[in-house]
Protein chains: 2
Amino acid sequence: MAKSTTPTKAAAVRQRGVTMSDVAKYAGVSRTAVSFVLSNRENASISEETRTRINDAVQALGYRPNAGARALASQRSDWYGIVTEIVTAPFAVDIIKGAQDQAWLDRRFLLIAPSDQADAVGPNQGLEDAAIEKLLEQRVEGLLYAATYHRAVHVPESAHEVPTVLINCFDADGKLPSIVPDERAGGRIAVERLLQAGHSRIGVINLDPHIPAAVGRLKGAREALAGAGLELDPELVVSGHATADGGYEAACEILDRYPKQDRPTALFCLNDRMAMGAYDAIKERGLTIPGDIAVIGFDNQELIAAYLRPKLTTVALPFEKMGALGVQTLAALTAGQPITADQQLVDCPLLERSSV
Amino acid sequence: MAKSTTPTKAAAVRQRGVTMSDVAKYAGVSRTAVSFVLSNRENASISEETRTRINDAVQALGYRPNAGARALASQRSDWYGIVTEIVTAPFAVDIIKGAQDQAWLDRRFLLIAPSDQADAVGPNQGLEDAAIEKLLEQRVEGLLYAATYHRAVHVPESAHEVPTVLINCFDADGKLPSIVPDERAGGRIAVERLLQAGHSRIGVINLDPHIPAAVGRLKGAREALAGAGLELDPELVVSGHATADGGYEAACEILDRYPKQDRPTALFCLNDRMAMGAYDAIKERGLTIPGDIAVIGFDNQELIAAYLRPKLTTVALPFEKMGALGVQTLAALTAGQPITADQQLVDCPLLERSSV
DNA sequence: CTCTGCATAGACAACGTTGTCAACGACGGG
DNA sequence: CCCGTCGTTGACAACGTTGTCTATGCAGAG
C-alpha cells in the first residue's frame, strides 16, 4: 500500500502503460526480481523484504501485467473458448454460467463466441467456422462446444487443433470427449417416482422419438417399469410437438381414448412445455392434479415448472453442472491428459413439487 | 486456395505457430509485403499478383495471425469487456446476445466476465472488482456494464480507466453514459392501449414504488390518462411483491374492494409475473379475460407471456437492442468521441396478444 | 583469509507482430 | 539518357513479457 496516497489517486495519475521496468525502478530492484516475484517461481530466492517492496510498488503504481505480452512470451494463454448457439438461443444459459464459474475458479478466462448451428447445415454455417477461427487467433488453449439440446453434432475441422470438449451434445464422428445428461437415469427416476406413488398405468407424452433425449428417457422409463415387473404399453406412448400445444393434443388423445377405469392415472411428459399443455387438457376435463392424474415433467424450465398450478414435479437437466464439468475436463486435457472420445453422463435430479 | 490439397490436410500438417515470415517465405515475398496485404493498409502499393500469391500462401499454410502479438505491437486490441450479473442471474440474457451480435458485426470480441453485484454492497463485492481487473489486464478497449433490472449502480473505480457504458442501469455518481429502457413511454403506450380498447377505470398493480421501473411506468400511465382527460385514482394503485403471488394478492385486493359497477375493467400489471398471478385471481372469481377484465403486462417474459391463456399482451423490455446500442456507443467513445453522462432511452414496444 | 552459497543484477534472446525508413530494380515518359 | 514512379525489399526498433545465463557483492563457515 502506498502510505497516504489512495490507490485511486495513483491510478488516476498513471498514464497508459506501467511496465515491469517501471515497477522495478520504483522499487529499486531489477526487472528480474520483479518478474520472479510476480510469477512467484520456485527456484528463485528472494528476500522477504524485496518481495514486499516489489508488491508495494505494484500497488502504488497500479501496475497491471499485460496479458497479451505474457501470452506471447510464455506461449501459454489463460483462455478457453466456448462456441455455442446458446448465445443465439438462450435456452440453456446455465451451461455458460457453470462453465464461467468454474473457469473463474481456475483463474482462467472464457471467450464466448456465437454459433448458429441451429440445424447442422444452414445458411450460417459460416458464422460458426468464423467464430472458431477468431477464437484460435486469440490462442485459446482449448474449446468448449455447447448445444441447446442434446444431440449429435458435426464439429468443424479447426476445432480439432486444440483440445475440445462437447457439452450437451456429442461428436457424430466419435472422436471428441463429451458431456451429456444421463437421460436414461432421468427417465428411470421419473417413472420410479410415479410407481412409488402407486401408479401402475402410466401414459407417456413423447418427443420426436428419434432424438437422444426421447430415446434415453423412454429407455429409462421402461427400466423403471421392468423393475416393478411391469411393461410399457406401446399404446400409452403418444408423440407430439415439443410445445405446449403438442402436449395438449397428445394428452387429449390419451385421456379420451379409454373409459375411465382403463385411463392412465399418471402422465410422464418428456418435457415441461408439453406438461404445461397436458395440464390444460386435464383441467379441461374436470380432472384434478395430482388427485385424478399425476403429472411429471422433464427439463425443469423454471419459469414454467415453478409457476404452474399445482407446481410441476420434474426432472432437471443439469446444465450448470455440465458446464462446470466441461471446463474441468478441458483443464485435464490441456494439462496433457490423452484425448479420448469418452462420454461423461451427468445425473438429472428429480425436483419434487406438487404434481405427483 | 491450395490447388489440390484440401485445407484440412494442410491444417493437420501444420504444427504450432505458422508465422508471418513462414507465409512470406512460402509466397516468395518479403514479410513487409505480407504485413501490408493482411492489414490492407492504404499507402501500400502491391500488385494484384503478389496479393493473390500471399493470400494463397495464407490459405495453404493455414496461417492465423496471433491476436496477442498484434495487440502488443499495435497498442490496440479488438476487445471489449462486458461485466454483468447476467452471467449469474440470467434474466436478461438478451443484453448479451444483442451486444455479442453487434460486436461480431464490428469485428470485435466480447470478453464476458461475471459479477455478483446483486445488491450493490455484498460479500462478493470483490468478484466484480477482480473481474474488471482481469478484463483490463487483457487490455480491453472499453467496458460494458450491464444489470438485470433497471437501477442505479456504483461502478468500481477501475472501470473509469477505459470508456465505459452502462446498460439497463445508470451511474449513481452521474459520470458515465448509460442506456436504459424508456419506462415512461412504455407505461404510456400500455395504458393508451387500454384506453383505446374503451377502458377508463384502470387498476394498476405496482412494483416497489421506489425503483426506476415503477416510477417511470407509473408516470407514463398518468400521462396517458391525462391525454384522455382522466386522472389516476390513487386507490386503484396497489403495490405488491414482484412475483406471481404478489400479483395475485394485489389483484384480489383491487377486485374485491369495489361493487361490480365500480370495479376497474382493466389491470395494468407492472410486470408479467404479477400478471400471471392476476390471471389466477381473475379466473378464480369467474371473470373472463379480456371480456370482463383486460390485462396488460410489462417485460415480455416469453415463457410466461406467450403461454398464458389467453396469451398476455405486454410491453417488451428491449434487452437485445440495448445490448447492441451499448456496443455502438462504446465504439463511438473508443473512436474518440468525448465521454458524457448521456442517458439513451430505448423504446419498449407493445406486443399485442390476446388479453386486451 | 579464503571458500561457499545466497540474494540480486544485468544482459540478451526469444515471442509474433506493427510501423517506419532507406534503398533498389524496372519501366515508361520526356 | 535521365528522372520519377511503382512495386518491392531488408533492416531495425518498438511492444511487454518470460526465461536463461553470467556476473557480482556480501555474509558466514571453515
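To find a chain, count down the sequence lines: A is the first, B the second, and so on, and within it residues start at 1.
- When distances are taken from the side chain of A:S30 to each of C:dA9, C:dT18, C:dG16, the shortest belongs to C:dA9.
- Between B:T50 and the phosphate of D:dG7, there is no side-chain N or O to OP1/OP2 separation shorter than 4.0 Å.
- At whole-Å resolution of the value, CZ in B:F36 and P in D:dG10 are 14 Å apart.
- Listed candidates were C:dT17, D:dG16, D:dT18. Nearest to the side chain of A:N66 is D:dG16.
- DNA chain D is contacted by both A:P65 and B:E48; B:E48 maps to the nucleotide lying nearer its 5′ end (nearest heavy atom per residue).
- Of the possible donor and acceptor atoms, none in the side chain of B:S115 sits under 3.5 Å from a partner among the backbone N and O of B:A113.
- In terms of phosphate contacts, B:R76 brings a side-chain nitrogen or oxygen within less than 4.0 Å of OP1 or OP2 of C:dG19.
- Taking atom OH on B:Y63 and atom C1' on C:dT17, their separation rounds to 7 Å, with Å as the unit.
- Residue B:R70 has its side chain nearest to C:dT17 when only D:dT9, C:dT17, D:dG7 are considered.
- Considering CG of B:L325 and CD of B:E320, their distance stands at 12.5 Å, rounded to 0.5 Å.
- Atom CZ of B:R53 sits in a crowded spot, with more than 12 heavy atoms from other residues, nucleotides or ligands closer than 6.0 Å.
- A sub-4.0 Å separation between OP1 or OP2 of D:dC15 and a side-chain N or O of B:S74 is absent.
- Among the heavy atoms of the strands lying under 4.0 Å from A:T32 is at least one base atom, whether or not backbone atoms are also near.
- For the pair A:L72 CG and C:dA14 P, the computed distance is 14 Å after rounding to whole Å.
- When the P atom of D:dT17 is taken as reference, atom CZ of A:R139 falls 20 Å away, rounded to whole Å.
- A:T84 contributes a side-chain N or O that, together with a main-chain N or O of A:A146, makes up a donor-acceptor pair within less than 3.5 Å.
- Comparing C:dA9, D:dT17, D:dT18 by their closest approach to the side chain of A:A33 singles out C:dA9.
- The side chain of B:A73 lies closest to C:dG16 when the candidates are D:dT17, D:dT20, C:dG16.
- Picking from C:dT18, D:dG19, D:dT8 the nucleotide with the shortest atom distance to the side chain of B:S35 gives C:dT18.
- Rounding to whole angstrom units, CG of residue A:L61 and C1' of D:dG16 are separated by 15 Å.
- Within 4.0 Å (heavy atoms only), B:S21 reaches no atom of the nucleic acid at all.
- Only one option out of B:L111, B:D129, B:I132 pairs with B:V83 in a side-chain contact (heavy atoms from CB on, under 4.5 Å); it is B:I132.
- Both A:R31 and A:A69 lie close to DNA chain C; mapped to their nearest nucleotides by heavy-atom distance, the more 5′-ward contact belongs to A:R31.
- Here the C1' atom of nucleotide D:dT9 and the CD1 atom of B:I46 are 10 Å apart, to the nearest Å.
- Proximity note for A:T19 (side chain, C-beta onward) versus D:dT17, C:dT17, C:dA7: the nearest is D:dT17.
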